Amino acid sequence: MTEMQAGITVIVFFLVGLAIVYATIGIARLLVGVRPKPAGKLDAYESGEIPIGDVNIRFNVNYYIFALLFLLFDVEAALLFPWAVAYDKLGWLGFFEAVIFIVILAMGLVYAWRRGVLKWVY
Amino acid sequence: MELRMKQERLFDEDVYTVHPEDYRALCEKLKAEGYDFPRAISSVDMGYGLRVVLHLTRMSDLAKVEVRTDVPYDDPVVDSVTDLWPGVEWHEREAYDLMGIRFRGHPDLRRLLLEEHWEIHPLQKRYDTGGYPLPDWQPKDWPDPAPWEEPPPPEEPEEKAEGGEGE
Amino acid sequence: MSTISLEPVPGRTDEMVVNMGPQHPATHGVLRVVIGLEGERITRAVPHIGYLHRNHEKIEEARSYTQVIPYTDRMDYVSGTQNELPVVLAVEDLLGIEVPERAKQIRTIFFELFRIASHLVWMGTAMLDLGAITPFLYTFWDREIILGIVEKTAGARMLPNYYTLGGVRRDLHPDFFKDVADFLDHLERRMPDYEHLVLENPIVHARTKGVGVLPKERAIARGVSGPVLRASGVAYDVRKAFPYDAYPDVEFEIPTSPDGDTYARFWVRFQEIYQSCKIIRQLLEKTPKVGPYKGKAPARLRVSGERYRAVENSRGELGVYVVGDGTDKPYRIKHRGAAFGNLQVIPDLFIGAKFSDAIAILSSLDPVFGEIDR
Amino acid sequence: MGLLGSEERPRDIILGTLDDLINLARSRSMWPLTFGIACCAIEMMATWDPKVDADRFGMFFRNTPRQADVMIVSGTVNKKLAKRLRRLYDQMAEPKWVISMGACANQGGPFRQGYSVVEGVDKIVPVDVYIPGCPPRPEALLQALLLLRDKIADRELRYKRPREIPTDYDVMAEPGKDGRLPVL
């Protein structure tokens, strides 16, 4: 696998991804065609009313920190899935590697907890 | 000061019919007497003017009282009692919305049930059920001894029977 | 390790305005509340009603009294015949119609049956708002049994148009007493499950205890009535205060709870179901199997005079102010919806609560918009 | 032409166009929009309780119009709600149908001559199935849902859609019984 082939495979992967997206939208547009959209169609749905108030406002930092922590531990879970699948074939070495991985992240959680970030202040 | 009002006993409630200017004073007197539970405010189109009826109850001994006052069509304004009893806020807004009685001093007198851009007050007798003005409707003249004066002893100003309207 | 304080600095964050609009799964009908949010906490709550304003009062001025009764059914459409009683009682007072004893008892049995049905609908939908699907299925099943009983006697399931001047419209179905007795046994077997599902549910505890506290004086001043008022510690019940029909010779307690929060409102409605079962059981013994079900009502109604008459329907004090002008059509008829008074406390209870609490508070107020918007 | 096989063909062979197949799938999973307005809404809820249980036919309530296919108008539509109802209908995804439930939605019902009630929801949104009754029984609503299902699955009926209603139809400016414009 020379650099050239690796580069090509990346490009091919990217193009295939793009093709899938455009194919689905294209076929739908081909079959159905572009219909005239009535006035309220593309507005934000606000239970039947004309949307009021602004969306991009400055809200409290609580939300941001919670989103960040969620993202962190979500990725951790995502990484543990392949490990969980090949769990029996990896033997003890694989097991302890995962334990270390989990403990490190658990320490991060404890640190965030002690710093009082998880208390929903609102 | 002497309130211009007429008191009578009806079924199990005592009913005060009071002059619009003294309406607020009577309400404050009743509030002082302990009437603390506002049940409702009804508004009636009497044909010669609009009538506001305030139904009150006293929680301590469950006494019931009704306060009535009549206002002419051309300036249907009465003092608001929302600060005495916050419970009548929506009742007053509804009376304004459907019957057209304005309450002086109400925190936010907006239309409650109909949309803001409506101009008519549909419950008045001048409109039929569809909200269209009745062509042959005339306001009646004000009753000779006003409802809050004691009727002169010999004859009783009886309710003028008026045929039901609408189809 | 010093903890970071995430207290919101006033003036640094903007308020987000959100529409809890007419089409919303948790508004129990068509209510729109414009809510100003500071993060999760509600800073402003402006309710808008009128989306179900069906001009009851104007149309009823063009209908005779017996035609008005089906309209009153459609006001509080969850508690059926309970709405017909105020108009019937008011006109009976004005005309001085005598109601036979048995007719009063039949009316009161139906009144309490519909109270149970209404509280079951409330329990189902309130738990749906809090995310529990199961109670909805069980409560609506029990309500179907009640509707079956009502349909056998009155002919229609939900809006039976069963009361009339002087009594009720039809005599009871032959196996009415057996059906009601079976239903009460079934309900009493099922109530412990409901207690376990609703009152002892830790999630319900977490989401309703101490949420939306309505102090006693505020409740009275706001004209709140029914379970919401009794949950704030005021023992005001129109069945005891101004008794009507067969309530004087039936004993029952009025459940009240001192702390006035959402859990208290849940609890009071539960106790009311028990009280209703007790009332119906007493009436089942008292009511003779055969007898008059309707008194003598004049054929041509000439109703004149004014009368305000109120009953205790499942949401509170449902009153009607009838002005008669000597004809058979009401000159003016004003309905005082029970939930109309209860909904006025929305600004008091919503401001300061979290947005998710607002859903629990609204479902504990149990609004029905037929009688609010009229 | 029965889609699911007939005499000559054994039941497990289906011949049909791609359109038939798509609409067979659509008809078996119609998601209604939770839009309970009045008394009919309680009977609509009763249609999803264990006794009648419309869940068996793949119908599951969706709260936002974006994910709903069927709008069941259950209750009286008054002039204040008309604009909101039309906006919700516009915001629904394209293959959408409307069931008008109850006399109020069909033609105004008992509140027909009122000043604030729109006499019939078909003035605002094109309606596919009407259900009489005030309120109609849960079984009646279930029959309407099945009628709509057959309409979607049937090749001819599928494209017989009611006439389109302009979005900005103003119910307030409706001429009265004798042609007089209301004084609203």
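Per chain, numbering begins at 1; letters A, B, ... match sequence-line order. Being a predicted model, the structure only gives us computed values, none of them experimental.
- No part of D/Ala41 comes within reach of chain C, as not one of its non-hydrogen atoms sits under 4.5 angstrom from that chain.
- Contacts of C/Leu159 with chain D are made by side-chain atoms alone, with heavy-atom separations under 4.5 Å and no backbone atom involved.
- In this structure the side chain of D/Cys134 reaches within 4.5 angstrom of the side chain of C/Arg74, judged on heavy atoms.
- If you take OH on C/Tyr51 and CZ on D/Arg84, they are separated by 4.0 Å, rounding to the nearest 0.5 Å.
- Rounding to the nearest 0.5 Å places CG of D/Asn78 at 7.5 Å from CG of C/Asp373.
- Heavy atoms closer than 4.5 Å to chain C are found in the side chain of D/Leu88, but not in its backbone.
- Looking at heavy atoms from C-beta onward, D/Arg137 lies in side-chain contact with C/Glu151 at the 4.5 angstrom threshold.
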Given the rule in the side chain to side chain contact (heavy atoms under 4.5 Å, CB included) test, do D/Gln113 and C/Asn55 qualify, once you have shown the distances and angles that lead to the verdict?
CA-CA 9 Å; D/Gln113 307 111 344; C/Asn55 40 59; over 6 Å; no
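- Atom OH of C/Tyr138 has 12 or fewer neighbouring heavy atoms from other residues, nucleotides or ligands inside a 6.0 Å radius.
- Between C/Glu144 and D/Pro50, every side-chain heavy-atom pair lies at or beyond the 4.5 Å cut-off.
- Residue C/Thr125 touches chain D through its side chain alone, counting heavy-atom pairs closer than 4.5 Å.
- Judged by distance alone, with hydrogens and angles left aside, the side-chain atoms of D/Lys51 form no donor-acceptor pair with the main-chain N or O of C/Ile145 at under 3.5 Å.
- Between D/Tyr115 and C/His53, the distance from one ring center to the other falls under 6.0 angstrom.
- Side-chain contact between D/Ile42 and C/Arg143 is present, with at least one heavy-atom pair separated by less than 4.5 Å.
- The most heavy-atom pairs under 4.5 Å with chain D, out of C/Gly29, C/Pro70, C/Ala156, C/Pro25, come from C/Pro25.
- Residue C/Asp76 holds its CG atom at 10.0 Å from SG of D/Cys39, rounded to the nearest 0.5 Å.
- Proximity to chain D (any heavy atom under 4.5 Å) is restricted, for C/Phe136, to the side chain, taken from C-beta onward.
- In this structure, CD on C/Gln23 lies 10.0 Å from CD1 on D/Ile37, to the nearest 0.5 angstrom.
- Annotation: side chain of C/Tyr71 is in contact with side chain of D/Phe111 (closest heavy-atom distance under 4.5 Å).
- Within the 4.5 Å cutoff, the side chain of C/Arg54 has no heavy atoms near those of the D/Ser116 side chain.
- In this structure, chain D has a heavy atom under 4.5 Å from the side chain of C/Ile59, while its backbone stays farther away.
- Highest contact tally toward chain C, considering only D/Asp53, D/Thr34, D/Asn63, D/Val77, is held by D/Asn63 [criterion: heavy-atom pairs under 4.5 Å].
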